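Beneath this line is the structure, given in structure tokens, with notes to follow.
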Amino acid sequence: MENLIGLLVAAPLLGAAVLLCGGRRLDRVDHWIGTLLAAVSFALGAVLFADLLGKDAGARTLTSHLFSWVPVGGFRADVAFRLDQLSMTFVLLITGVGTLIHLYSVGYMEHDERRRRFFGYLNLFLAAMLLLVLADNYLLLYVGWEGVGLASYLLIGFWQHKPSAATAAKKAFLVNRVGDMGLSIAIMLMFTTFGTFAFGPVLTHATDAGEGKLTAIGLMLLLAACGKSAQVPLQSWLGDAMEGPTPVSALIHAATMVTAGVYLITRSGAIFNAAPDAQTAVVTVGAVTLLFGAIVGCAKDDIKKALAGSTMSQIGYMILAAGLGPVGYVFAIMHLVTHGFFKAGLFLGAGSVMHGMNDEVDMRRYGGLRTYMPVTFVTFGLGYLAIIGFPGLSGFFSKDKIIEAAFAKGGTEGWILGGAALLGAAITAYYMTRVMILTFFGEKRWQPDADGNRPHPHESPRTMTIPMVVLAVGSVFAGGLFSINDTFLKWLEPVTGHAEGNSPLSAIEVTAATMVVLVLGVALAWAQYGRGPVPVTAPRGNALVRAARRDLLQDDFNHVVLVRGGEELTRGLVRADHSVVDGIVNGTAAAVGGLSSRMRRLQNGYARSYAVSMFGGAAVLIAATLLMRAV
Amino acid sequence: MNPVNYLYLAAVLFTIGAAGVLIRRNAIVVFMCVELMLNACNLAFVTFSRLHGNLDGQIIAFFTMVVAAAEVVIGLAIIVSVFRTRHSASVDDASLLKL
Amino acid sequence: MSALAAAGTTSIGEAVQFWLLATVAVLGALATVLMKKAVHSALSLAGTMIVLAVFYLANGAYFLGIVQIVVYTGAIMMLFLFVVMLVGVTAADSLKETIRGQRLLAGLCVLGFGILLIAGIANAALKDFDGLGQANSGGNVQGLAALVFTKYVFAFEITGALLITAAVGAMVLTHRERAQRPAGQRERAEARIREGKHVPPLPAPGVYARHNAVDIPGLLPDGTPSELTVNPTLRARGQIRDVSGEALQELAALEQRSAEWVTGGRGEDGRSASGAKEARK
């Protein structure tokens, strides 16, 4: 069974290699090759899952040691895989949702010239993500981590002929590099602290290290997570990443990439548990981001960007939960899985809408699509109900638990975090309702595109609707399935541990509060968009709206602080280099040159001059010898 | 008379020879001055031999003569070949070893 | 002399000899340095060396004294003279200094060095001396031989190697390998025409009844000598004998005599015949 773990990663990797190296002769079957290998990976994952289920709860960890990668003295890095309940969960999510997105792409990318390459990149993305979650040590995890960064760069910039896409890809890559630096520093710190970076020893001996060191490692890991999971302050790339094809957005937002940060923090739980300061930082980041993303999501008219803000916000929930410690780990992962379903469904639905509307993305130009795209409407609607936490659907179970856990933090902190989570839930309800109303209800506000073609909305082909249906089913039932009898909790507990928090509010009270804010949010959105006609061009709005449309000025902040600051710093350094460093170097050269041009006069080429020097030297030597004897 | 006078004479001859080496330009004369210096040394060695009452000084002088003979042979050969190519026996003319 | 050298003292005779010959030696050395012509320098040096040979003998170094005369004065100095002749025996050097400051520096160094040496010798405690009586008791040559072949045998052997190397080196240095075939008559003629200065061969030196020699320049039509007709080596040495004036005078005298003979009666037959011939010219 252990051998299958390697195959799990190898299958999509093989797909990537074949598709990227295979050349034009694969052009007819490329999309099916990519999808098939993703499905193979999912099948292997399912087999392994069945195997794990058959074992005792405590013995559900499979390890597979492939080879010794870097054995140098005391430094030892292995290529080894570790499959436990946590990675299993991720494997199923990644391969399952990934396969559905592959299937969807078959329809979505059917007429793209570079389809073969697209599927190659998708497979590479899956392989890197699987390597990330299956690695048995932080160094191998780092390889997957970088692989994910690379694949996201390639996919976001897939339509590289658009300058905006190329820029967005570069932006994502650069912002991710900042996070990657954090991870590499964290790994180095681990090596100096523990002498190894394999999960087993590091996590079991985490409490032996000093709290200061653990806090440092934890903060660096948090920086890494911020980069990959688009948390404040490294969130700026996520909105621009919408330049990629829609299946890529679905893949990034639901199954891969942004979940990596949550995985990293949950996996390193032992370190965070022993470093309360780092945990505080994590919950702060999570709480800030969940509000930040939600506010941005409210203001965007681009359907994908509104969903991107939503992703940021939902990941913020997960980071918040992960930062709460054992109380929250399980719920973070649970929300991650349910979010994987409904967010993938929402993105695929958005893609389907765009597909039918000549790639129009502005929601103010949609309206009344429910009759034209019934399947999309139903699946999108189920995803919508799930994400706002409609009772009985997935989001309800997972988000509710997180809010409860936030209150359970205790004291003022608990109230603040719980309040933020509740507020976030209200805003989520608001902006998702807004998306729903603008897209599927109201009158038609369709506009002809740049070429003058009026859109003719139609339902998408079967390959696109089937994944949407499957995901909608997942968004409806996953949460309930996980919560019955605390199945998910029991499944994950051996890895992450779990502690019951003592919340100042009872579970019923929290649920009731959530319901109230949910209704408020929906009602507000209905009052604003559902009752009257919606202007096709956005009104100017107040300062907050304008700021939110500009992603709450995050790019402006980056530009002013980082870009300008960097430019000034560089200019200063160049000046210092010219005056000080070059000054020293040139001065030395000039001094040596001047001295040399004087010295060279001694070299006149006349043997007799040299003879005088020698003779004088001999005289001086004899004089010195005589003096020494005299003394 | 004290035999030390021979040493003074040797010193004077050596110094004159050295002055000649430094002042004269004709390579042959320079060479003769070198020979003069060697001879002055030989005189000093012979005198030391007498002062110390053993023959080691004379042996050294003997070897000096042999080496001087070899040196003369090579030196004159060099002068001849330099003269052949440059048509000059002046040591200042062979001043290519400079910037 | 030998007896004195063997003893621990010196005689008045040796003192007189020293002061006389030392003066000669120093003068010879100064002449070596100061003479303009290399050949004079060489001869002065030879003189100094002979004086030194005498001093060697006076100091009980009989073998070295003889070797000094035979090897140095006889062989090495002759080698010098040979090279001096090769390079040009009459060429005089200019004693004017060309390198700025060289003479001043050399003077300073030499003066300082001399003072140092003399002061050093004067400071050395050399009041008593042993003399060579004992060392030379078995004969000077035998004593030297014993040392050379026992104590200094390695140095001796190495010296042999040095001499062989020197001999080979001298041969290598002076041997001139012809890199290409020397230019023949044809090539030289072509080169001459290409130069365009002297298309025909150079004019021959003058040929006269009394002077048929290479150092006599040929005469140009106006009676002046042409230096071009004489070997460049002789020209450089200034060894051209100009006989043109003499010949013209003789010719004039001859014409006068023949005129006298024509007007005043017969003279010697030979002279008249030749004179008549000249007159016809």
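These numbers were taken from a predicted model, which means no experiment stands behind them. Proteins come first, then strands; the chains are lettered A, B, ... in the order of their sequence lines, and each starts at number 1.
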Inter-chain contacts: residues 16-24 of chain B against chain A, heavy atoms under 4.5 Å: B:A18, B:V21, B:L22, B:I23, B:R24
Show your working on side chain to side chain contact (heavy atoms under 4.5 Å, CB included) between A:D582 and A:D577 and close with a plain yes or no. CA-CA 6 Å; A:D582 285 6; A:D577 183 54; 4.1 Å; yes
Can you tell me if A:R564 has over 12 outside heavy atoms packed within less than 6.0 Å of its CZ? no
Value rounded to 0.5 Å, distance of CG in A:N176 from CG in A:L150: 11.0 Å
Aromatic ring proximity, centroids under 6.0 angstrom, A:F197 and A:F75: yes
Looking at every heavy atom in both A:G594 and A:S597, which two are closest together, and how far apart are they? O-OG, 2.8 Å
Donor-acceptor pair, B:N39 side chain versus B:E35 backbone, under 3.5 Å? yes
